[in-house]
Amino acid sequence: MAYWLMKSEPGDVSVDDLAAMPAATVGWYGVRNYQARNFMRDQMRPGDGVLFYHSSCAEPGVAGIAEVASPPYPDPTQFEPGGRYHDPKASRELPRWFQVDVRLVHKTRLLSLAELRAHPDLQEMRLLARGNRLSITPVSAAEWRVIQRLLQEG
DNA sequence: GCCAACGTTGGC
DNA sequence: GCCAACGTTGGC
């Protein structure tokens, strides 16, 4: 059982959008970074914990608790000619990009980036590392517990 | 294989 | 809109 933080732009898929989807589940399409892909393809397992994070918005931060809801499978958007995520070098036989399904467990209060940064026990979070741009980052079990507690305290 | 140029991310 | 940081591309 591992834990992850996954960034989504609320203008694209917000926590409320996710809640409204069938079974509150979305295929995590569109990742085009090899490190992030490898996390999904090689390390994620159904049941892994996910912090659903809003990025590129007015109030960046954790907005929900989710979980990995499928094994990895090819991202269908790589095969869509003309689409934003089309990859001409990918084929059905040799897909390049993978995704997992992510299911919302519950929405949370917004745990802001500023609050994460300020917390002494979260200084080592990969999300907060200088220059981090990865859209998917591992979260340690200790960090996960601290964040669960912060969310329960309100 | 080096590395400059370019594009993207994402907080502010 | 700015810009720091980083990944990718492509000429050599």
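Scope of the values below: all heavy atoms of this structure, side chains included, with no hydrogens, waters or symmetry mates. Numbers restart at 1 for each chain; the letters A, B, ... are given by sequence-line order, proteins then strands.
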### Task
Tell me who clusters with A:V68, hydrophobic residues only, linked when side chains sit under 4.5 Å apart either directly or through other members.
A:W4, A:M6, A:V13, A:V15, A:L18, A:M21, A:V26, A:W28, A:Y29, A:V31, A:F39, A:M40, A:M44, A:V50, A:F52, A:Y85, A:V100, A:V102, A:L104, A:L134, A:I136
### Query
Nearest-Å distance, CG (A:N33) to C1' (B:dG7)?
14 Å
Under 3.5 Å, which N/O atoms of the protein pair with N/O atoms of nucleotides 9-12 of chain B?
{"residue": "B:dT9", "atom": "O3'", "partner": "A:R133", "partner atom": "O", "Å": "3.4"}
{"residue": "B:dG10", "atom": "OP1", "partner": "A:K7", "partner atom": "NZ", "Å": "2.8"}
{"residue": "B:dG10", "atom": "OP1", "partner": "A:R133", "partner atom": "O", "Å": "2.7"}
{"residue": "B:dG11", "atom": "OP1", "partner": "A:Y53", "partner atom": "OH", "Å": "3.1"}
{"residue": "B:dG11", "atom": "OP2", "partner": "A:S56", "partner atom": "N", "Å": "2.9"}

### Query
Donor-acceptor pair, A:R84 side chain versus A:G30 backbone, under 3.5 Å?
no
### Query
Checking A:N38 side chain against A:Q35 main chain: does a donor-acceptor pair fall under 3.5 Å?
no
### Side-chain H-bond candidate by donor/acceptor type, A:D16 with A:S14, under 3.5 Å
no
### Task
List the steps, then state whether ring pair (Phe, Tyr, Trp, His ring centres under 6.0 Å) holds for A:Y73 with A:W97.
CA-CA 9 Å; A:Y73 61 96; A:W97 304 109; over 10 Å; no
